[in-house]
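Below is one structure; the comments refer to it alone.
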Amino acid sequence: MIALVCAAIFDLILSGGRVIDGTGAPWFRADVGIRGDTIAAVGDLSKAKARRRIELHDLALAPGFIDLLGQSELNALVDPRQESKVRQGITTELTGEGVSPAPTNRAWIHEQGPWLQKYKLKVDWTDLAGYFRRLRKARPSINEAVMVGASQVRGVVLGFEDVQPDAEQLARMQALVETAMRQGAFGVSTGLIYQPGSLAKTPELIALAKAAAKHGGIYATHLRSEGKRIGEALDEAFTIAREARIPVEIWHLKVAGRSNWGRMKEVVARIETARASGLDVTADMYPWIAAANGLASTIPDWAREGGIDAMIRRLNGQGGEGVYERILSEIKSSDFHPEDILILSVVDPKLKHFVGKRLDEVAREMTSSEGEPADPAEALIELVKLDRGGTVVARFGMHEDDVKLGLSQPWVAMDTDYGAMGIDGLFAADGSAHPRAFATTARILGYYARDQRLFTVEEAVRKMTSLPARRLGLQDRGLLRVGMKADLAAFDPATVRDTATFEKPMAYPEGIPHVVVNGKLVLDGGKRTQHRPGRPLLHAP
C-alpha cells in the first residue's frame with residue numbers, strides 16, 4: 001500500500017528505487033522515508049524534506065535480510081562491526097545451534113576455553129538476560145535473536161557424559177528452557193551430531209520442546225543425520241513437532257555424502273507430506289555444495305563423550321586397550337574422503353600453515369612414526385589433538401542438483417551458518433573461512449535468481465525477509481511497509497554477485513551499496529559507517 005505523506009521532515013529518504021517489499025510480489029517504483037528507527041512513508045516523496053536523501057535510480061530496495069542461522073552470538077562481542085553480515089545486507093540473524101550463550105557454567109566455559117582465550121573474551125554472565133546486557137554494551141551492528149540450546153541445557157544439568165536424565169533432572173532442564181524463553185529466546189534448538197546434544201534421546205527433546213512451546217517458541221534443529229539416516233532424522237523432527245505441538249525449522253537442509261546424492265527429492269517429499277498432514281515444518285539453506293563444521297565431528301560419537309579432555313585422552317590411546325585403533329578404524333569405514341575436507345581455520349597459531357589445504361595434503365606434510373607420510377585418518381586425529389578440537393573445515397559432500405532442488409522450495413529460507421567476521425580484524429587473522437560467511441545473499445540474488453533463474457529476484461528476497469520473519473514471529477521486520485522497523489538493503493539486480501571463493505573467501509560481495517539497520521546507515525555508498533545500531537531482539541512469551 002502506498003502511504004500518504006505528511007509534512008514533517010524525514011531523517012532519511014531513499015528515493016526512486018525499485019521497491020521489492022518482501023512478499024514476493026513484483027517490484028514497484030517508490031520513495032521510502034524513515035524517521036527514527038521506523039519506515040514512515042512509502043510513495044512519492046519528491047517534495048518532502050529530509051535530513052539526507054539518497055537517489056537509488058535503478059537499485060532495488062528490500063527489507064533487510066534475515067539470516068536464520070548466523071552463529072554470531074560470541075563473534076558479536078569480539079568484533080561488533082559484523083562486517084561480513086552488513087555487506088551482505090543482513091540486518092538480523094538467529095543464532096544458537098544446540099549450544100547457546102546461556103545458560104552457562106564453569107564446565108561450559110572450560111569446554112570453550114581455547115577459543116575464549118584466543119579472542120580474550122570473558123564470559124561474565126550465567127543466563128540469557130546477562131548475555132543480552134553484555135551484547136547491548138558491545139553495541140552490535142545488526143540485530144541478534146537467540147535460541148536456547150538443548151545441548152547447552154543438557155551440559156549444565158547432566159554434564160558431558162552419556163547419561164539420561166531422571167524426572168527431577170528433566171524438570172530442571174525444562175525450567176532452564178522456560179527461563180530462557182521468558183528472557184527472550186525464540187525457542188529451543190538442537191545440534192544432534194555434536195556432543196553432548198547427540199546423547200539426548202527423542203523423549204528428552206520432546207520435553208524441552210514442550211517447555212519452549214508453552215511460551216510460543218519454535219524448535220530448530222541440526223538433524224541427527226544429514227546422510228544415510230536422514231529419513232530417520234526427519235521422522236524424529238516430525239515426531240517432536242507432533243508431540244510438542246511446536247513449529248519446526250530444519251537448519252541448513254542438505255543431503256551429505258556422495259552415496260546420498262540425488263536424495264533431496266526424497267527429503268522434499270517427506271517434508272511436503274509432513275506439511276500436508278498439518279505439521280508446521282520449514283527449512284533454510286546456504287547455497288553451496290560444501291558444508292563447514294569442526295574437524296572433531298569426524299571422530300566417532302562415543303569417543304567424544306565426556307567433553308574435550310576425555311576425547312583427547314582417548315585420541316592419545318588412553319582409556320582402554322585398542323581405543324585408538326577402534327577410533328581409527330571407524331573413521332576409515334565411514335564415508336571418509338580426505339580430499340573433500342578443506343582446513344578453514346585453527347585455534348592454535350602454530351597450525352596456521354595447514355589453513356587452506358585439503359586433509360590429504362596435510363597428511364602428506366605430517367609424518368608417521370616410521371618417517372613416512374601420515375595416513376589421512378591418523379593426520380585427522382593428530383590435528384584434532386593438537387588444536388584441541390578447534391579446527392574448522394569445509395566438507396565437499398553435496399551435489400549441485402540437490403542444492404538447487406532444496407533452494408527452490410517455497411518453504412526454504414536462507415542461512416549463512418557462519419559467524420560475523422571481516423577481511424581485517426581478529427577473525428581475519430585465522431586466515432580463512434567458508435565463502436558463505438561473506439557471500440550467501442549475493443549468491444542467491446545474483447547466481448541463482450538472476451543468472452540461473454531458479455526463482456525470481458522477488459522470490460529470492462522473500463526467502464531472505466518475510467519468510468524467516470514469519471518463522472520467528474517478527475511482527476515489525478521482514479516487510480517494507482509503513483510502521484515496520486527501518487531495516488533495509490539496497491542492491492543492484494544487474495550486478496550483485498558473490499566474489500568469495502574457497503581459495504580466497506575473505507571477499508565482500510559486489511552490488512550492495514546501502515544497508516540500513518534500525519534507521520541508521522551502516523553501509524553508505526559501499527563505505528562502512530561508524531554506526532552500530534543493532535540490538536537484541538527478544539521473543540515475546
Side-chain angles (χ1 to χ4, degrees), residues 22 63 66-70 73 92-103 127-132 135 143-154 170-191 197 200 202-222 236-251 271 274-275 277-284 411 413 415 465-479 483-485 487 535-541:
I66 299 172
D67 183 350
L68 265 183
L69 181 55
E73 62 267 28
T92 295
E93 71 163 33
L94 179 68
T95 192
E97 186 186 7
V99 174
S100 55
D127 63 2
L128 202 54
Y131 167 74
F132 284 143
L135 183 62
N143 305 305
E144 296 289 342
V146 177
M147 302 291 287
V148 57
S151 303
Q152 192 78 21
V153 167
R154 173 173 251 272
L170 188 57
R172 286 176 57 199
M173 293 165 70
Q174 288 181 299
L176 287 173
V177 169
E178 290 204 50
T179 296
M181 292 298 302
R182 285 190 291 268
Q183 292 178 344
F186 279 76
V188 67
S189 66
T190 55
T202 306
E204 175 184 323
L205 303 180
I206 292 171
L208 299 186
K210 285 181 176 179
K214 285 174 59 176
H215 299 270
I218 67 171
Y219 171 69
T221 180
H222 178 147
E236 180 183 44
F238 301 154
T239 297
I240 293 166
R242 186 177 300 107
E243 296 297 319
R245 301 179 65 84
I246 193 169
V248 169
E249 180 71 16
I250 299 171
W251 270 332
I271 295 174
R275 288 176 56 81
S277 75
L279 297 182
D280 185 358
V281 182
T282 55
D284 50 80
W411 36 263
D415 75 74
T465 56
S466 67
L467 180 60
R470 180 184 302 172
R471 169 48 79 219
L472 295 178
L474 297 176
Q475 301 299 314
D476 57 357
R477 299 174 203 271
L479 292 172
M484 306 294 279
K485 293 301 181 186
D487 290 350
R535 60 185 65 154
L537 297 186
L538 307 186
H539 174 69

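Because the structure is a prediction, the values reported are computed rather than measured.
The two atoms that bring Ala244 and Ile206 nearest to each other are CB-O, 4.0 Å, heavy atoms only. Heavy-atom minimum distance, Arg477 versus Leu537: NH2-CD2, 3.5 Å. Residues Ala209 and Ile246 approach most closely at O-CD1, 3.4 Å, considering heavy atoms.
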Criterion side-chain contact (heavy atoms from CB on, under 4.5 Å) on Asp280 and Arg471, from CA distance to verdict: CA-CA 10 Å; Asp280 185 358; Arg471 169 48 79 219; 2.8 Å; yes
Stepwise side-chain contact (heavy atoms from CB on, under 4.5 Å) check, Val281 with Phe238: CA-CA 8 Å; Val281 182; Phe238 301 154; 4.0 Å; yes
Worked verdict on Leu68 versus Leu472 for side-chain contact (heavy atoms from CB on, under 4.5 Å): CA-CA 9 Å; Leu68 265 183; Leu472 295 178; 4.0 Å; yes
Chi angles and distances behind the side-chain contact (heavy atoms from CB on, under 4.5 Å) call for Glu73, Leu135: CA-CA 9 Å; Glu73 62 267 28; Leu135 183 62; over 6 Å; no
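Within the model, atoms OG1 of Thr465 and CZ of Arg470 stand 10.0 Å from one another, a figure rounded to the nearest 0.5 Å. For the atom pair OG1 (Thr92) and CZ (Arg535), the distance works out to 9.5 Å, reported to the nearest 0.5 Å. Once rounded to the nearest 0.5 Å, the distance linking OH of Tyr219 with CG of Leu208 reads 9.0 Å.
Put simply, the side chain of Gln152 gets close to the backbone of Ser100: a donor and an acceptor are under 3.5 Å apart.
Side-chain contact, Glu249 with Thr282: a donor N or O sits under 3.5 Å from an acceptor N or O.
A 4.5 Å side-chain heavy-atom check between Arg182 and Thr179 finds at least one atom pair inside the cut-off.
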